[in-house]
Amino acid sequence: MAVELNHTIVLARDKEQTARHLTRLLDLPPHTTFGPFAVVQLANGVSLDIADDHGRPHPQHYAFLVTEDEFDAIHARIVAAGLTYWADPFHRRAGVVNHADGGRGLYWLAPDDHSLEILTVPYGGWPG
Ligand SMILES: [Fe+2]
């Protein structure tokens, strides 16, 4: 099977703000511009193409697989930014990192209440 996700569109009230949130916290290269999109490029070739919506977009969920070292760095940036994070997608365990599938994970909110997640092991464990 050779089908890969290449890009998806993320709706935002302010695409620049959302792009900066992602690139700053995840330590990604600065976003680029393509047509109406602020493009955030991820390591596996997938891009998040952020577009301004008219009105408040419906919050979505985006999960990022990171290394243990990246997790530590992202976690530290979330804390330094004063953002709340949770161990669970229902936001019941604030300030807690989960250890699902033998790895680590946490959730936080991006602008427009998009739910972001970092995890070091895919759901169900390797190979994912
Ligand atoms: Fe998730």
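Both counts, for ligands and for their atoms, begin at 1 and track the order of listing.
- Listed by chain and residue number, R56, P57, D112 satisfy the side-chain contact (heavy atoms from CB on, under 4.5 Å) test with R13 (two or more places apart in sequence, or in another chain).
- When side chains are defined from C-beta on, R77 counts as touching D27, because their heavy atoms get closer than 4.5 Å.
- Using modelled atom types, no side-chain atom of K15 and backbone atom of V10 make a donor-acceptor pair closer than 3.5 Å.
- Residues satisfying the side-chain contact (heavy atoms from CB on, under 4.5 Å) test with L65, not counting sequence neighbours, are L119, P122, W126.
- Heavy-atom contacts from other residues, nucleotides or ligands closer than 6.0 Å to OH of Y62 number more than 12.
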In a table with atom names and distances, give each donor-acceptor pair under 3.5 Å that connects a side chain of residues 37-45 to protein atoms at least two apart or in another chain.
from	atom 1	to	atom 2	distance (Å)
Q41	NE2	G45	O	3.3
Q41	NE2	V46	O	3.4

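- Taking distances strictly below 2.8 Å, the protein N/O/S atoms close to the Fe ion (ligand 1) are H61 NE2, E117 OE1, Y123 OH.
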